[in-house]
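Note that ligands are numbered from 1 as they come in the structure, with each ligand's atoms numbered from 1 the same way.
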Amino acid sequence: MTPIRTLVCAALLGLLALFALQAGAQVLPDKSRDRTLGVVTCASALCHGSIASWNGSPVNQNEYVVWSRLDKHARAYQLLLNEKSRRIAANLALPQPAHQSRVCLDCHAHVPANPAPAHKVSDGIGCEGCHGPAERWIAAHTEPDASHRGNLAQGLYPSDQPLARARLCLSCHFGTADKYVTHRIMAAGHPRMSFEMETFTNLQPAHFKVDADYVARKGNVDGVRIWAIGQAVAVGTQIDILQDPRRGRDGAFPELTLFDCHACHHPMADTRWKPVGSFGRSISPGLVRLNDSGMLMLRLILRQIDAPLGERFVQAVVQLNHAVAGNGDLAERARDVKALADEAARRIASVGVTRDNLRAMALALVDDGIAGGYADYAGAEQAAMALGSVVNTLHKLGQLPSAASLNQGLAQLRAGLVQDEAYRPADFQNRLRAFRPLVATPLAGR
Ligand code: HEC
Ligand code: HEC
Ligand code: HEC
Ligand code: HEC
């Protein structure tokens, strides 16, 4: 190749890489062909294994200690050796025990394409399971002139970028075409899964601090944007699975986990069908409905930041529900919803969420529920997690009264969600009515 052509190619590749970064299309850590070095490589006391966080360093340096002591990902593999996992494996008649079965290891450990000898699957989901195999960035990321952009170019996974983070977390907390907790696995004893990115980022617990220095290196991403983008990517992921021929079906039936669990799993004496569903006129009684908890949240978000896009999304979901009920082309309708969810994720990433949006969203989360929008447990559960994120951000901005009364209010909401099968929509509506005054009154002078 002539030098000029090489240069042009390099420039084009650079552009492509940049585009991939922006589109959140990076290779997930377990698909990367870079070598995974192992948690032990990051754990030294001079690196990320310091007992207390350092003052002079831009990052805490105690990430390993936080992870190994407090983060459930450090124990995700060990869990496969317990009684519950043994029972799941036995119920599924897996040829090998859970801790040796790919169907479990895929999410309960980091199983890289290219492991170094020091990498141990038994470490569970280690640093490189989220930050990407370290082969190319390990040396460069501690150099005095290291930059975040430079590290990304060397294969560090961009977990700071909400679109990329959502794909990463949801690849295990919802699943992909390659790894998925099917209804069979759930019926064998696996817990039901739910995810909300902002809540779970805080629950993990976070081993990073978004301070001035962090913002200078990586930019400021507020919690509400993380919640909103997480919802858009979750809807897209659900539709991907619905459309995937390897995942969308199980024998004669569709994959049941894509539908609302409690549409089937509730006592017959407790009839719940209503003439109006969450997306307008309900489909006929007796039909299985998609789990629309993510769609409910995305509708609410879009109404605040881009109402016309929100309206198109609502229409697409209504059409999808009709197609699920047998009226319309399911594949086409699913494609429409997927395209709009992708557009929504990009839109939220680019425009963000304003203060005014925030209060309107908090109120909409409450009012949608009071109007009967959370007929299903999954919707109420997402709404409660969302209220936690939005209210927390509003409080940090000084826009809401005392933390104590807010926390008490949120605890009252969650108390209605402790047992999914005991969920009573009318009771949750009452809890929302009691919660409303906490978010309805703006503080004077702010
Ligand atoms: C698609 C990814 C995925 C797959 C595949 C998967 N799991 Fe899980 N598993 C999870 C996630 C995520 C959680 C945590 C759910 C939560 O707490 O929100 C979990 C939770 C569990 C729990 C409950 C943990 C607790 O604290 O009570 C057990 C037990 C378990 N998994 C066993 C298994 C076994 C056995 C297999 C293989 C048959 C398996 N899992 C396959 C993602 C997966
Ligand atoms: C379950 C996923 C996950 C695991 C496992 C994980 N991290 Fe992180 N880590 C994150 C996320 C999300 C962030 C915040 C976004 C960002 O800055 O990339 C982060 C941020 C960081 C930061 C950046 C702090 C800053 O100020 O820029 C460091 C350093 C870090 N992690 C080190 C580690 C180390 C060391 C381990 C293993 C002991 C580890 N992480 C394990 C998800 C993970
Ligand atoms: C490689 C798969 C994988 C990835 C990637 C992953 N997780 Fe997990 N996560 C799990 C599994 C498996 C568990 C269950 C562990 C257990 O219960 O001990 C879990 C548990 C958790 C829990 C504890 C939940 C509970 O019920 O206490 C939180 C919080 C969490 N993950 C947050 C995140 C976030 C945030 C991200 C993205 C930055 C992420 N996870 C990425 C597999 C993963
Ligand atoms: C279309 C209806 C339908 C949907 C939707 C559905 N299930 Fe099921 N589920 C069933 C049927 C049918 C069985 C088998 C019942 C039996 O064996 O008695 C079952 C069995 C189970 C079992 C085992 C119960 C037992 O007695 O052995 C669990 C656990 C379970 N489902 C969880 C879930 C979860 C979690 C979801 C949502 C993510 C879900 N199901 C969605 C119909 C459904």
Protein heavy atom under 4.0 Å of atom 38 (C) of ligand 3: yes

Pair D240 + R247: basic N to acidic O under 4.0 Å: no

Contacts of Q304 that satisfy side-chain contact (heavy atoms from CB on, under 4.5 Å) - sequence neighbours left out: N357, A360, M361, A364

Protein-derived N, O or S atoms lying under 2.8 Å from atom 8 (Fe) of ligand 4, waters excluded: 2

Angular separation of NE2 (H207) and NE2 (H131) seen from atom 8 (Fe) of ligand 2, to 10°: 180°

Part of K72 within contact of ligand 3 (heavy atoms, under 4.0 Å): both

Test item, S159 contacting ligand 3 (heavy atom, 4.0 angstrom): no

Which of the ligand 3 atoms, numbered from 1, are nearer than 4.0 Å to a heavy atom of Q204: 29 (C)

Element-labelled atoms of ligand 3 that are located less than 4.0 Å from some non-hydrogen atom of C172: 1 (C), 2 (C), 3 (C), 4 (C), 5 (C), 42 (C), 43 (C)

Residue and atom name of the nearest protein heavy atom (relative to atom 1 (C) of ligand 2), distance in Å to one decimal: C130 SG, 2.7 Å

Atom 13 (C) of ligand 3 within contact range, any protein heavy atom under 4.0 Å: no

Residue pair Q231 / Q382, side-chain donor-acceptor N/O under 3.5 Å: yes

With atom 8 (Fe) of ligand 3 as the apex, the NE2/NE2 angle for H73 and H173 - to 10°: 170°

Residue-ligand contact Q61/ligand 2, heavy atom below 4.0 Å: no

Residue part near ligand 4, for N291, under 4.0 Å between non-hydrogen atoms: neither

Test item: side-chain donor near acceptor, H148 and D160, under 3.5 Å: yes

Contact check, H108 vs ligand 3, heavy-atom distance below 4.0 Å: yes

Test item, I125 contacting ligand 2 (heavy atom, 4.0 angstrom): yes

Per-atom contacts of ligand 3 with L203, taking only distances under 4.0 Å to non-hydrogen atoms: 29 (C)

